[in-house]
Each structure stands twice: as structure tokens, then as C-alpha cells.
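Structure record follows, encoded as C-alpha cells.
Being a predicted model, the structure only gives us computed values, none of them experimental. Heavy-atom basis, side chains included; hydrogens, waters and symmetry copies ignored. Letters A, B, ... are given to chains in the order of the sequence lines, protein chains preceding strands, and every chain is numbered from 1.
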2 protein chains.
Amino acid sequence: MKNITIKDIARICKVGVSTVSRAINNDSGISEETRERILETAKKYHYVPNTSARNLGATETNTVAVLVYSVTNIFFSAMYGMFQTQLEDRGYDYLLHSVKDTQDIVAEGIRLVKEKRLKGIIFLGGWIDPDKMRLDDIPVPYVFCTVYQDIDLPKSDSPSVGIDDVKEGRRIVEYLIKKGHERIAIIAGVEGDRATGAGRLKGYKQALEAAGLPIDERLICHMKKNLEEFTAANGYAVCKELIEKGIDFTALFCVSDLTAIGAYRAIYDSDRRIPEDISVAGFDGIELGEYIEPPITTIRQPRDKMVVETVRILSEKIEGVDKNEQLVLKGKLLERASIADITK
Amino acid sequence: MKNITIKDIARICKVGVSTVSRAINNDSGISEETRERILETAKKYHYVPNTSARNLGATETNTVAVLVYSVTNIFFSAMYGMFQTQLEDRGYDYLLHSVKDTQDIVAEGIRLVKEKRLKGIIFLGGWIDPDKMRLDDIPVPYVFCTVYQDIDLPKSDSPSVGIDDVKEGRRIVEYLIKKGHERIAIIAGVEGDRATGAGRLKGYKQALEAAGLPIDERLICHMKKNLEEFTAANGYAVCKELIEKGIDFTALFCVSDLTAIGAYRAIYDSDRRIPEDISVAGFDGIELGEYIEPPITTIRQPRDKMVVETVRILSEKIEGVDKNEQLVLKGKLLERASIADITK
DNA sequence: AAATTTTTCGGAAACGTTTCCGACGAACAC
DNA sequence: GTGTTCGTCGGAAACGTTTCCGAAAAATTT
């Protein structure tokens with residue numbers, strides 16, 4: 001069964017192919033009358049334009065790619081749907097692609113641009129290292145979303161949307177301190193990782209220092225490399241080890257809610273209660289955090305707003321706006337039952 | 001900065017374009033020597049084949065699309081990564097697309113085939129209604145994965161991979177009965193929905209009937225239409241309503257683990273304990289189920305195996321195997337602490 | 001050494017669109 | 001009535017590949 005092409009429609013309507021093309025793309029230079037006639041027969045014959053031919057013929061496509069660092073991460077996966085809606089609303093074609101290594105994410109983006117003639121890229125997750133990534137070689141507009149930029153690294157002026165991980169991390173630890181906690185453990189990201197978790201760890205240290213509390217290296221834990229990052233399984237394994245070490249602490253800050261859920265389990269397994277024996281703070285504000293027992297105190301990232309703003313900025317860059325907006329959104333501290341007030 | 005094409009490489013190497021094409025695609029009819037020479041300069045000049053041109057020139061592509069009914073569903077999103085790995089391993093290009101309405105999923109597939117010249121389709125989630133879906137019009141091999149086929153609807157002979165939702169649903173309810181429960185509530189899918197949840201509800205009824213227990217319609221709840229399906233929020237709302245009605249029950253079967261987590265919250269909020277006051281059973285076997293308090297008794301769907309088998313079957317169909325395999329995998333009952341034994 | 005087969009390669013058509021350019025007629029200005 | 005502009009349209013080139021076909025070169029057989 002041969003596919004019906006633009007030529008077939010042209011032949012049937014007794015017009016030129018360019019006229020059909022104009023009709024379909026709502027181009028100008030065509031009378032309303034013939035346009036309708038063409039559109040009608042196109043519909044009648046179930047004509048569907050071939051994307052490949054379109055991309056090839058046109059000097060540019062209408063496709064935006066979302067490159068995500070880790071597909072399975074629940075925090076990001078909830079954002080896919082939002083991105084899809086937003087991009088479709090603005091008339092873009094949509095492409096979801098995932099990369100294993102955050103170091104390769106830019107290189108992969110450049111490859112995809114050549115391969116698919118992208119109009120823009122959204123990078124989701126991971127971190128920026130301007131020295132190692134060929135940012136200047138990205139030939140199309142792009143925006144980083146929820147991508148951490150370490151303050152120790154050279155600052156990139158790429159457009160981005162996210163929160164201030166250091167500040168928000170510091171905020172929730174200060175909240176713990178305010179509630180009377182002095183020995184606060186942390187489950188941070190994988191060691192050496194420069195993603196958002198690193199920023200939150202930095203905030204943790206800042207909070208302790210500002211309060212004049214000592215930084216006890218034994219209370220600083222990192223997620224395990226051999227397990228998937230930011231999962232409950234990882235949080236469980238790390239927290240279990242921490243408890244078994246027998247080091248005393250009254251509060252635990254997990255740099256992601258999912259990790260915290262794993263930590264909960266380890267705490268329960270050791271016959272401790274939350275928050276009476278150990279207070280727990282999370283980060284991210286995933287929906288689930290409200291339902292677990294006890295509901296977790298955490299920093300909510302405004303994911304919906306992040307998505308909307310990311311797409312807006314990308315769209316503007318595509319339209320030619322010459323501004324590298326770096327949008328830092330505010331997180332929201334959700335005070336729930338997982339933290340005890342132990343000030344006497 | 002002009003893109004470098006196959007012609008450029010040909011000119012540089014002083015060969016014909018077809019020779020370059022052969023080198024790049026590992027085609028036969030070329031000497032090992034020239035192939036290496038071409039591959040080298042291609043690499044040197046960062047040559048990347050243009051997918052659109054490729055798809056257009058070739059009579060067929062190498063692209064497989066995964067059409068998913070609901071992107072944000074955590075159960076499916078965990079499968080994306082697996083699909084990607086599997087498909088890449090077999091040398092396929094990969095395309096993830098989501099559809100809002102399961103009724104449209106086949107129509108959308110047909111459209112995509114024309115548009116992108118797909119080689120195959122994987123349908124993920126939702127349900128099959130052979131009368132309403134133009135299954136015979138799908139011009140390429142396809143496989144349904146985790147797609148429910150209601151036994152009341154005409155049977156499709158399309159290739160598929162999944163579990164027997166009726167049987168597994170029945171199994172876990174029988175387990176509850178064995179533990180002494182007689183008044184068992186259920187939170188099933190949205191009313192009228194014919195997806196997997198409907199099968200599990202059917203299993204629930206079968207189990208009760210087989211045990212000679214009455215079916216109390218008041219104990220049969222459906223997820224709310226205005227909330228996203230299979231989420232904790234939905235489970236919470238429904239379970240809260242159920243409890244407020246004041247109807248007596250000792251056990252609750254939620255057709256998804258996430259829903260169960262929401263139900264947990266509603267139960268805790270009403271000052272009841274799990275499982276001492278109410279036992280809860282889930283379904284799916286997501287990782288999280290092991291970490292929540294108490295760990296949930298559930299039926300684990302072998303997601304990894306499902307993915308592997310789905311890709312295998314699709315791949316075989318593409319290779320020309322003329323068999324419509326309908327693979328029904330076994331679930332695994334995970335006995336955990338959320339169910340109390342109340343046999344005296 | 002000639003004839004045949006096999007290997008290696010180049011040219012060109014084809015894929016289905018977009019876009020540029022030119023043509024034609026009608027409407028308008030002078 | 002002639003020249004100019006404008007709206008409408010068709011033809012054809014271009015996009016970057018794959019693939020078919022035939023030719024040249026090399027290897028093999030006779």
C-alpha cells in the first residue's frame with residue numbers, strides 16, 4: 001500500500017506541488033478557495049506529511065529536544081508530561097532523549113542537532129562544567145533546567161532555570177538547627193558528583209558554620225556509586241550503614257525525598273521512631289512526601305513553574321531575543337511532621 | 001557554519017558518494033582498506049549522518065516507537081530506561097511518544113508510521129478494544145506491553161506481553177481471605193475504565209465468590225476521574241471517603257502500590273493502624289513498596305522481563321517470524337508486613 | 001592467454017518535501 | 001491605452017541520504 005504524497009494531492013486537485021505545500025503549511029500566496037479545496041482532499045485521502053522529507057527540504061525544523069540525564073529518576077519523569085504539554089502548546093515538535101553520563105550531555109546535544117536539525121535543546125538534570133563541555137559549540141538555542149552550576153567552577157552565562165541549591169539546602173538545615181538539632185547527619189549525592197546534591201551539601205555546611213556548630217565528617221554520608229542515585233534503595237543502604245556505625249545524631253538531612261524514604265526504612269528497622277528519635281528532612285517536594293508516614297518536611301521545587309519558564313525562555317531565544325536569562329526560582333519549605341522540636 | 005555531508009567526505013577521499021555510504025553503513029562491496037580510510041576522515045571531520053535524509057532515502061527506517069498511554073505514571077516511567085537499553089542493544093533507533101487517550105493510541109501509531117516510517121511499534125499501557133481500534137490498519141509489526149484485554153471484549157490476536165490481571169488480582173485477594181479477612185474493600189480504577197485495573201477488580205470478585213463471601217457494592221470503590229489515575233493523591237481521596245462512610249472492613253486491596261500509599265495516609269489520619277486495624281494489599285511491586293511503613297504486600301510484575309520479552313517479540317516479528325505470540329508472565333506474591341493474620 | 005567470475009567502485013535516480021524564481025492575469029495608476 | 005504592481009500559481013532546484021545499475025579492475029578458471 002503506497003503512501004500518499006503531496007504529489008498525489010497535487011495531481012488530484014490539478015494544481016502544482018508548491019500550491020499544496022502552501023495550503024498545508026498555511027503559507028501566504030494562495031487563495032482561500034483553493035486552500036480549502038486542497039485541505040479537503042488531503043483530509044479525504046488521509047494525507048500525512050512525511051517528517052523526514054519536511055526536515056530535509058526545510059532549512060530548519062520545528063523540533064525541540066529534551067535531553068535528560070537520567071530517565072528513570074522520578075523527579076524528572078514527572079516533568080516529561082509537563083514539557084510535552086508546554087512544547088505542544090507552543091507548536092513545537094517534541095523529542096525526549098536520555099543520556100547515561102552527564103558529562104556527555106552537551107556532546108550528545110550537538111550530535112542530535114546535526115542529526116535531526118533541532119531548533120532548540122532543553123537540558124534536564126546533571127551539572128554544568130563549562131570547561132569540559134563545549135557550550136559554545138551548541139549551534140541552536142538551549143536552556144538548562146534543574147542543572148547545577150557549582151560555584152567553584154567557572155561560571156557559565158548559559159540561560160538556565162532552577163533553584164539556588166546552596167541557599168535552599170542551607171535553609172532547611174537552619175530550620176533543623178532552629179528546632180534544636182545540633183548533631184545533624186546528611187546523605188549527599190555520590191562522592192565527586194557535582195550535581196544539585198553537591199550544592200545542597202554546601203548549604204548544609206554553611207548552615208552549621210553560621211550557627212557555630214562543628215562539622216563532623218563522620219556525619220557526612222554519600223550515596224553509593226554501585227546503586228542508582230537518588231533512589232530509596234540507595235538511601236536505605238547508606239542510612240543503615242550510618243546507624244550501624246553507632247555515631248550519635250538527632251537529625252538527618254537527605255538531599256532527595258526518595259532517598260529519605262529509604263532512610264525512613266533503615267531508621268524503623270533499627271527500632272527508632274521518626275521524629276521522636278531521629279528527625280528527617282528531605283528535598284524536592286515530590287507528591288509522595290505528603291503521604292508517607294510521617295509526612296516529610298522538605299523543600300518543594302516548583303517543578304511546574306520551572307517547566308513553564310524553561311520553555312518560555314527557550315521559545316524567546318528561538319524567536320531571536322538576545323538575552324541569557326538565568327532564572328533562579330524560590331523553593332518552598334514544607335513544614336510537616338518528620339521533624340521534632342527538641343529545644344527545651 | 002555549513003554542515004558537513006557525505007558529499008564532502010566523498011570529495012575529500014576522492015571516492016563516490018555511494019562508497020562513503022557503504023563504508024558508513026558497514027555494507028558489503030567495499031574493500032577493508034578504503035572503508036577504514038573513509039571512516040577515519042569521517043571521524044576527523046565530525047561527520048554525523050542526517051537522520052531525515054537517511055529515512056527519506058532508505059525504503060525503510062530502523063526506528064521503533066514506544067507509545068505510552070500515560071507518561072507520568074511511575075510504573076511505566078521506570079520502564080523507559082529499560083526499553084531504551086534493550087532497543088539500543090538490538091540496534092534500533094528509539095522514539096518515545098505519549099498519548100493522552102488510550103482510545104487514540106492505535107490511531108496515533110498509524111499516523112506516526114506514515115510520518116516517520118517506523119519499523120515497529122510498542123504500545124505501553126492502556127487497554128485494547130479490537131472493535132474500536134483499527135488494529136488491522138497498523139502496517140508494521142507491533143507488540144502490546146502491559147495492555148489489558150478485557151475478557152468481555154472480542155479477543156484480539158495481536159502479539160502481547162503482560163500478566164494475567166484477573167488471575168493475579170484473584171490471587172492476592174485469596175491470600176487476604178486465607179488470612180481470615182472477609183470484609184475486603186477495593187480501590188479499583190476509574191469507573192468504566194477497561195485497563196488493567198478492571199481485570200484486577202474482576203479477580204477480586206472471583207476470589208470472593210469462590211470463597212462464598214458476599215460482594216458488597218459499598219466496598220467497591222473507584223479512583224476519581226478528576227484526579228490523575230493510579231496516584232497516591234487519588235488513593236488518599238478515595239480511601240478517606242470510604243472511611244468516612246463508616247462502613248466496616250478489615251482489609252483493603254488497592255490495584256496499584258502508589259494508590260495504596262495514598263490509602264495508608266488516609267488510614268493513619270483516621271487513627272487506625274496497619275495492619276492491626278486494617279490490612280492493605282497493593283499491586284505492581286514498585287521498589288518503593290519495600291521501604292514504606294509497613295512494607296506492602298503486593299503482586300510484583302516482572303517489569304524487566306516484560307521489557308526484554310516485548311522487544312524480543314517485536315524484533316522477531318520485524319525479522320519476519322510469522323507468529324502472534326501472546327506471552328503471559330507470572331506475577332510474584334511478595335508477602336510483607338501490611339497484612340495481618342486474623343484467623344483465630 | 002583468453003574467458004569468466006567476483007570484487008570494488010562511481011553515477012544517477014529516487015525519497016517527499018520546501019523554497020526560490022518566474023509567469024500569468026487582474027487590478028490599478030498614469 | 002500603456003505601464004506597473006499585486007495576488008496567485010507552477011516548475012524546478014535543493015536538502016542528504018540510499019540503492020540500483022553498470023563499468024572497471026582484480027581474481028579466478030579454462
Side-chain angles (χ1 to χ4, degrees), chain A residues 1-39 41-42 45-63 93 111-119, chain B residues 1-39 41-42 45-63 93 111-119:
Chain A
M1 189 184 62
K2 204 182 140 296
N3 260 337
I4 166 157
T5 76
I6 207 173
K7 275 183 197 158
D8 301 321
I9 303 291
R11 195 163 21 77
I12 294 166
C13 290
K14 296 194 199 316
V15 296
V17 287
S18 47
T19 310
V20 178
S21 175
R22 274 186 282 258
I24 289 164
N25 296 294
N26 251 323
D27 278 351
S28 60
I30 185 176
S31 71
E32 200 49 47
E33 187 202 332
T34 47
R35 154 170 293 140
E36 282 191 12
R37 190 161 53 94
I38 291 171
L39 251 36
T41 63
Y45 287 88
H46 294 110
Y47 167 73
V48 178
N50 179 302
T51 318
S52 295
R54 215 169 216 180
N55 292 349
L56 194 54
T59 38
E60 49 167 29
T61 37
N62 210 26
T63 312
D93 253 9
R111 204 186 60 77
L112 271 180
V113 169
K114 287 191 190 174
E115 195 180 300
K116 315 244 182 195
R117 294 227 186 153
L118 299 180
K119 196 160 198 171
Chain B
M1 187 185 59
K2 205 181 140 294
N3 261 339
I4 167 157
T5 76
I6 207 173
K7 274 182 198 159
D8 301 323
I9 303 291
R11 194 163 23 77
I12 294 165
C13 291
K14 296 198 200 314
V15 296
V17 286
S18 49
T19 309
V20 178
S21 175
R22 274 186 283 259
I24 290 163
N25 296 293
N26 251 323
D27 277 350
S28 60
I30 185 176
S31 70
E32 200 49 47
E33 186 203 331
T34 48
R35 152 168 296 138
E36 282 190 11
R37 190 162 52 94
I38 291 172
L39 252 35
T41 63
Y45 286 88
H46 294 110
Y47 167 72
V48 178
N50 178 299
T51 319
S52 293
R54 216 169 214 182
N55 292 348
L56 194 54
T59 40
E60 48 166 29
T61 35
N62 209 26
T63 313
D93 252 10
R111 204 186 61 75
L112 270 180
V113 169
K114 286 190 190 175
E115 197 181 298
K116 315 239 181 196
R117 293 229 188 152
L118 299 180
K119 197 161 198 171

Below 4.0 Å: OP1/OP2 of dT8(C) and any side-chain N or O of Thr19(B) | no

Over how many whole Å does the gap from Ile9(A) atom CD1 to dT17(C) atom C1' extend?
-> 13 Å

Does OP1 or OP2 of dT18(C) have a side-chain N or O of Ser21(A) closer than 4.0 Å?
-> yes

Rounded to the nearest Å, what distance is computed from the CG atom of residue Asn55(B) to the P atom of nucleotide dA14(C)?
-> 20 Å

Measure distances between side-chain N and O atoms of Ser18(B) and base N and O atoms of dG11(C), and say whether any donor-acceptor pair falls under 3.5 Å.
-> yes

Please confirm whether the backbone N or O of Thr5(A) pairs with a side-chain atom of Asp8(A), one donor and one acceptor, at under 3.5 Å?
-> yes

With heavy atoms under 4.0 Å as the rule, sort Gly16(A) into base, sugar-phosphate or nothing.
-> sugar-phosphate

Whole angstrom value for the distance that separates C1' of dT17(C) from CG of Asp93(A) | 15 Å

Give, for atom CD of Glu32(B) and atom CZ of Arg37(B), the distance between the pair rounded to the nearest 0.5 Å.
-> 12.5 Å

If an axis is fit to five pairs at each end of the helix from dA1(C)-dT30(D) to dC30(C)-dG1(D), what is the angle between the two, to the nearest 10°?
-> 40°

State whether the distance check finds a donor on one side and an acceptor on the other, under 3.5 Å, for side chain Ser52(A) versus base dG16(C).
-> no

Below 4.0 Å: OP1/OP2 of dT8(C) and any side-chain N or O of Thr34(B) = no

Tell me which donor-acceptor pairs under 3.5 Å the side chains of residues 16-25 of chain A have, and how far apart each pair is, sequence neighbours excluded?
from     : atom 1 : to       : atom 2 : distance (Å)
Ser18(A) : OG     : Arg22(A) : NH2    : 3.4
Ser21(A) : OG     : Asn25(A) : ND2    : 3.4
Asn25(A) : OD1    : Arg54(A) : NH2    : 3.0
Asn25(A) : ND2    : Ser21(A) : O      : 2.7

Letter by letter from the 5' end, nucleotides 21-28 of chain C scores (B base, S sugar-phosphate only, - none; protein heavy atoms under 4.0 Å) --------

Rounded to whole angstrom units, what separation is found between the CD1 atom of Ile4(B) and the P atom of dT17(D)?
-> 10 Å

Rounded distance (Å) that lies between atom P of dT18(C) and atom CG of Leu56(A) | 11 Å

Give a yes/no on whether any side-chain N or O of Asn25(B) is located under 4.0 angstrom from OP1 or OP2 of dT18(D).
-> yes

Nearest-Å distance for atom pair CG/P, residues Asn50(B) and dC15(D) | 12 Å

Nearest whole angstrom, please: distance from the C1' of dT8(D) to the CZ of Arg35(A).
-> 12 Å

Enter the distance from Ser52(A):OG to Asn55(B):CG here, rounded to the nearest 0.5 Å.
-> 4.0 Å

Round to the nearest Å and state the distance from Lys7(B) atom NZ to dA13(D) atom C1'.
-> 11 Å

